[in-house]
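Heads up, the thing below is written out as structure tokens.
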2 protein chains.
Amino acid sequence: MTARKSADLRRADIVEAVLDLLASVSPERLSTSRIAAKVGVSHGALFRHFPTKDDIWRSVMEEVEHRAQRAWAKASEIGGGPRDRLRMLCLAQLGLIEQTPAIPALVMAPGRHVAEDSVRPIVLRLMAGLMDRMVALARQAKAAGNLRGDLQPDDIAALLLGILQGLVLRWSLSGRGFDLVTEGDRLVCLQLRLMAPSQPQEVSCD
Amino acid sequence: MTARKSADLRRADIVEAVLDLLASVSPERLSTSRIAAKVGVSHGALFRHFPTKDDIWRSVMEEVEHRAQRAWAKASEIGGGPRDRLRMLCLAQLGLIEQTPAIPALVMAPGRHVAEDSVRPIVLRLMAGLMDRMVALARQAKAAGNLRGDLQPDDIAALLLGILQGLVLRWSLSGRGFDLVTEGDRLVCLQLRLMAPSQPQEVSCD
DNA sequence: ATAATAAGCAAGTGCTCACTAGCTTATTGA
DNA sequence: TCAATAAGCTAGTGAGCACTTGCTTATTAT
């Protein structure tokens, strides 16, 4: 018999529990009973706070979106040239995922999922948001002469984003068997070096 | 009442039906009833051919593995320098996925899935196999002077594989809204050009 | 031709799922 | 202090799940 909490606190608890559980259970196999057990509340009590499971998914995705916005904003505050800010944005994204491993599970949950209509649009919005930030930084970096002139900003972003996504996929499949940020920094710096203008210039990646 | 078939043919039908269905239903939500309906056979009849659903997953993964080996082998027969063979391997992988869109769903199915123990090891083996082929080609390309000398073969492969995986993820999320091979070829060629030795040399990507 | 076998069917079994109904009890504001 | 309200509980409901049972019928080998 847990201590009673206000509905707001309980809702936050539930969202937190879902994010925790998604580190080890796939979204499609995460049942409301397991969520209730994790929160420490009866199964029925869950539905006093969220009318349907879909509403839980919606709140979870809102929380994920907030965390992402926070991580990206923090990375952009660090300052430095656009090239460094691009690197920091990549690292911020990997750091976010390392701290919230539910994210890849939510993003990759494929096909027609019950919650598909709640989760998918926010996933797309998130990815588009990250892409936009990367394209903007790529454009600035190119203008500043930090990146080769023959590269389109969206291609720069597509290559970097792909490298991040591929790395996260391998990290998830490997059971998170390596340090995501460390390995990511290595690859991102390598890629930024490849995209540097042809006259070799020092790279601040170490 | 479908015409009777031999067990071997029926098993092949079932595997085929699963691959078809996985283009639109996630692996965790694909029920044996839906498979039976797609095959055109009663639900119970399925279990005459496969003792458990896990056995279906195993056969499906074997089929996927055969298709991948075939696609990769075919790409390596084309010939050309190691650099071109690396490009062709990437395109073969994308072509395979375009023809069998079940593959990303199977690879990305996260977390503890019922069939996890049947599917996961083969997914890992497949990815490791592709990685090995890419690393070997990268090593050859580097030795032939087609790629920068300061790049490690595994890093070359990791970058390229990441670009492929990121692209496939975006393709899946977008509802397969663009041509995977066309866009992939563009990005792969771009990346190969970035990894070319510093003295600019012609690239056979068009 | 016919017995043996192989492929199929309808109708279940017990389980888990998301969600509900109806009651109980802790907190709170007048 | 004590009703009103908000948060909780137990015990369901029907639907869908993987899988089984017992019977039927098509194919095939003698």
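Letters A, B, ... are given to chains in the order of the sequence lines, protein chains preceding strands, and every chain is numbered from 1.
Sorted by first and then second residue, the side-chain hydrogen bond (donor to acceptor under 3.5 Å, both in side chains) pairs with a member in residues 135-144 of chain A read A:Arg85-A:Gln140; sequence neighbours excluded. Judged as a side-chain hydrogen bond (donor to acceptor under 3.5 Å, both in side chains), not a single pair has a partner in residues 33-42 of chain A (not counting sequence neighbours).
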Please walk me through it: do B:Arg87 and B:Asp185 pass salt bridge (Lys or Arg N to Asp or Glu O under 4.0 Å)? CA-CA 8 Å; B:Arg87 176 185 166 214; B:Asp185 196 20; 2.9 Å; yes

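A donor-acceptor contact under 3.5 Å is formed by the side chain of A:Arg48 with the base of D:dG8.
Computed from coordinates, the B:Leu46 CG to D:dT20 C1' distance equals 14 Å when rounded to whole Å. We find that CZ of A:Arg34 is positioned 19 Å from C1' of C:dC19, with the value rounded to whole Å. D:dA6 atom P lies 15 Å from atom CZ of A:Arg11, rounded to whole Å. Here the C1' atom of nucleotide D:dC17 and the CD atom of A:Glu28 are 14 Å apart, to the nearest Å. Note: CG (B:Asp55) to C1' (D:dC19) measures 12 Å, nearest angstrom. B:Phe47 has its CZ atom 9 Å from the C1' atom of D:dC17, to the nearest Å. Following rounding to the nearest Å, B:Lys53 (NZ) and D:dC19 (C1') show an atom-to-atom distance of 12 Å. Distance B:His49 NE2 to D:dA18 P: 17 Å, rounded to the nearest Å.
A:Leu126 and A:Trp72 get closest at one heavy-atom pair: O-CH2, 3.4 Å.
Residues A:Leu151 and B:Leu194 have side chains in contact (heavy-atom distance under 4.5 Å, counting atoms from C-beta outward).
A close approach under 4.0 Å does occur between a side-chain nitrogen or oxygen of A:Thr32 and OP1 or OP2 of C:dA18. OP1 or OP2 of C:dG8 has at least one side-chain nitrogen or oxygen of B:Arg10 nearer than 4.0 Å. Remark: B:Ser42 is not in phosphate contact with C:dG8, judged by side-chain N or O atoms under 4.0 Å from OP1 or OP2. Remark: A:His43 is not in phosphate contact with D:dG8, judged by side-chain N or O atoms under 4.0 Å from OP1 or OP2.
When distances are taken from the side chain of B:Ala45 to each of C:dA7, C:dG8, D:dC17, the shortest belongs to C:dG8.
Using a 4.0 Å heavy-atom distance criterion, B:Leu30 is classed as a sugar-phosphate-only contact.
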